[in-house]
Amino acid sequence: MKKVYFLQTCDTCRRILKEVNLDGFEKQEIKTNALTVEQLEEMRKLTDSYESLFNKRAKLYREMDLKNQNVTEADYRQYILDEYTFLKRPVFIVEDEIFIGNSKKVIDALKSKLT
């Protein structure tokens, strides 16, 4: 399976989607087509925690002052399901590997996997 979760209004997501060969990828825009519980659970199985899927750069993260709260794994899961901006993006799933976020290291690893 090849799938990418992204946000169309995010310049970084759009730039990365242009850089990566998306042949055979199922694309899901998370603002117009929200994540399901099953999709989030599938992502979680491929990584170490919900926190690794959580976007701590989101404006809402600062507004809600989550940095100064004791946020549990269950909380991270619920926040991601409740608000699309809390998913660190883009998220690429290639077979049984997951690539989360937009760091150069992650995108380089993804490109290596696809070649």
Side-chain angles (χ1 to χ4, degrees):
M1 172 182 72
K2 290 182 175 179
K3 185 154 188 173
V4 59
Y5 298 91
F6 68 100
L7 188 57
Q8 189 61 48
T9 56
C10 171
D11 290 336
T12 304
C13 282
R14 288 199 310 262
R15 176 184 53 80
I16 291 169
L17 293 177
K18 285 179 186 170
E19 287 178 20
V20 174
N21 178 0
L22 294 176
D23 290 347
F25 272 89
E26 180 185 338
K27 299 175 202 106
Q28 181 169 335
E29 205 283 335
I30 59 173
K31 184 175 183 180
T32 56
N33 189 2
L35 277 180
T36 65
V37 171
E38 293 78 19
Q39 288 170 327
L40 184 57
E41 296 302 321
E42 178 185 9
M43 286 185 227
R44 170 58 186 89
K45 286 179 192 164
L46 298 173
T47 189
D48 57 346
S49 66
Y50 289 109
E51 184 176 4
S52 65
L53 293 163
F54 191 83
N55 180 10
K56 292 183 178 176
R57 291 178 165 178
K59 193 169 143 185
L60 209 49
Y61 180 76
R62 289 187 298 276
E63 288 174 4
M64 295 171 70
D65 195 34
L66 295 178
K67 183 171 121 179
N68 297 315
Q69 296 178 32
N70 185 16
V71 183
T72 66
E73 272 293 286
D75 294 333
Y76 284 124
R77 178 183 181 276
Q78 196 56 52
Y79 284 133
I80 293 169
L81 288 172
D82 289 346
E83 182 58 50
Y84 68 89
T85 60
F86 282 134
L87 179 67
K88 191 183 285 187
R89 54 197 182 270
V91 175
F92 288 87
I93 298 175
V94 181
E95 309 311 329
D96 60 348
E97 280 188 71
I98 190 166
F99 301 87
I100 305 164
N102 56 33
S103 74
K104 181 171 176 15
K105 181 180 165 189
V106 168
I107 300 307
D108 287 348
L110 170 66
K111 288 177 180 176
S112 293
K113 173 77 175 178
L114 295 175
T115 55

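Predicted, not measured: the structure shown is a model, and the values here were computed from it.
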Undergrad: My understanding is that only residues two or more places apart in sequence, or in another chain, count here; which of them pass side chain to side chain contact (heavy atoms under 4.5 Å, CB included) with T47?
TA: S52, L53, I98, I100
Undergrad: Identify the heavy atoms of G24 and K2 that sit nearest to each other, and give their distance.
TA: O-CB, 3.6 Å
Undergrad: How about L110 and V106: do any of their side-chain heavy atoms sit closer than 4.5 Å?
TA: no
Undergrad: Could you check whether any side-chain heavy atom of E19 comes within less than 4.5 Å of a side-chain heavy atom of K111, counting everything from C-beta outward?
TA: yes
Undergrad: Nearest 0.5 Å please: distance from the SG atom of C10 over to the CD1 atom of I16.
TA: 7.5 Å
Undergrad: Could you tell me which residues satisfy salt bridge (charged side-chain N to carboxylate O under 4.0 Å, His left out) with R62, sequence neighbours excluded, listed by chain and number?
TA: none
Undergrad: Should the heavy atoms of other residues, nucleotides or ligands under 6.0 Å from CZ of R15 be counted, would the total exceed 12?
TA: yes
Undergrad: Show me the pairs that pass side chain to side chain donor-acceptor pair (under 3.5 Å) and involve residues 97-107, at least two apart or across chains.
TA: E97-K113, K104-D108
Undergrad: Could you tell me if the side chain of L66 sits less than 4.5 Å from the side chain of F54, heavy atoms only?
TA: yes
Undergrad: By salt bridge (charged side-chain N to carboxylate O under 4.0 Å, His left out), which residues pair with E41, not counting sequence neighbours?
TA: R77
Undergrad: Shared ILVMFWY cluster between Y5 and L22, side chains joined below 4.5 angstrom?
TA: no
Undergrad: Quick check: do V94 and F25 have side-chain heavy atoms less than 4.5 Å from each other?
TA: yes
Undergrad: My understanding is that only residues two or more places apart in sequence, or in another chain, count here; which of them pass side chain to side chain contact (heavy atoms under 4.5 Å, CB included) with E29?
TA: F6, L7, Q8, K31, T32
Undergrad: Looking at E51 and Y76, what are the two nearest heavy atoms and their distance?
TA: OE2-OH, 3.4 Å
Undergrad: For Y79, is there any backbone N or O sitting under 3.5 Å from a side-chain donor or acceptor partner on D82?
TA: no
Undergrad: Please report, to 0.1 Å, the donor-acceptor pairs under 3.5 Å made by any side chain of residues 85-93, with sequence neighbours excluded.
TA:
residue, atom, partner, partner atom, Å
R89, NH1, T85, O, 3.3
R89, NH1, L87, O, 3.3

Undergrad: Establish whether V4 and F99 are linked, either directly or via other cluster members, by ILVMFWY side-chain heavy-atom contacts under 4.5 Å.
TA: yes
Undergrad: Take E73 and R44 through the side chain to side chain contact (heavy atoms under 4.5 Å, CB included) test and state the conclusion after the steps.
TA: CA-CA 11 Å; E73 272 293 286; R44 170 58 186 89; 4.0 Å; yes
Undergrad: When you compare the side chain of L35 with that of M43, does any pair of heavy atoms fall below 4.5 Å?
TA: yes
Undergrad: Going by heavy atoms in the side chains, are K3 and E42 under 4.5 Å from each other?
TA: no
Undergrad: Can you tell me how far NZ of K27 sits from CG of N33, rounded to the nearest 0.5 angstrom?
TA: 13.5 Å
